[in-house]
Each structure stands twice: as structure tokens, then as C-alpha cells.
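Below is one structure, written out as C-alpha cells; the observations come after it.
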Amino acid sequence: MKRLDIPVQMICLCSESGRVSPVRFKFKDDDCNSYVCKVVQVINVKHSELAGIDAIIFQCTVQCENKTATAWLRFTVMSRKWMLLGFEE
């Protein structure tokens, strides 16, 4: 897995019960190239708490520039920020 740990702009769905699901995200690489990725499937959801910070880790199948890959996304509950943790093609 290629570790990235970069912020993303996220479009997500929120259910009536408050459950969050990623739909599509946009990020920039080190060369300032923008990429838009569509979440095809959420494979796994894991709740984590590190140093008192509540977060949700999503393992997803994504489609980015006509390529399918696995991506790990972190949603920090309190700050409502999304991070792209890593990619694996």
C-alpha cells in the first residue's frame, strides 16, 4: 500500500441514524495534479480511537482515472475531516 495521508474533498451520504458513507472524493498529489475518485464499494468499516480522537476508517474499492484500486479513507468525527490514508492498485 502506498501511504499518502493527505486531506481530500469528500462528497458523502449521511443516513437518518448518522451513519456516514463516502461517495466521491478529490485530492491533489505532490505535483498539484487533481484527481477525482468514485467510491464503487465500501469493503470494510472500522471505528478507531487514537489519543482520544474518534475516527472511522473506510476500506473502499474506488475508480480513479479509469483504474480500479483499493483506498483507505479516514473520517475524523469531531473535526469532520477526511484523509486519504493510502492506495493500492
Spacing of [atom1] belonging to [X] relative to [atom2] belonging to [Y], to within rounding of 0.5 Å:
X: W72; Y: K46; atom1: CH2; atom2: NZ; result: 12.0 Å
X: Q9; Y: S34; atom1: CD; atom2: OG; result: 8.0 Å
X: L84; Y: K28; atom1: CG; atom2: NZ; result: 15.0 Å
X: W82; Y: F27; atom1: CH2; atom2: CZ; result: 15.0 Å

Any side-chain heavy-atom pair from [X] and [Y] closer than 4.5 angstrom?
X: P22; Y: V42; value: yes
X: I43; Y: T61; value: yes
X: F58; Y: N44; value: no
X: E65; Y: Y35; value: yes
X: L85; Y: I57; value: yes
X: Q63; Y: C37; value: no

hydrophobic_cluster_shared for I53 and M83, side chain cutoff 4.5 Å: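 Not linked; separate clusters.
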Within one Ile-Leu-Val-Met-Phe-Trp-Tyr cluster: V62 and I6, side-chain cutoff 4.5 Å: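 Looking at the clustering, I6 is in the same group as V62.
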Donor-acceptor contact below 3.5 Å, side chain D29 vs main chain D31: yes
C60: which of V40, L73, T70 passes side chain to side chain contact (heavy atoms under 4.5 Å, CB included):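 That would be L73.
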For residues 10-19, tabulate all N or O donor-acceptor pairs below 3.5 Å that involve a side-chain atom, not counting sequence neighbours.
from, atom 1, to, atom 2, distance (Å)
S15, OG, S17, N, 3.4
S15, OG, S17, OG, 2.9
S15, OG, G18, N, 3.4
S15, OG, R19, N, 3.0

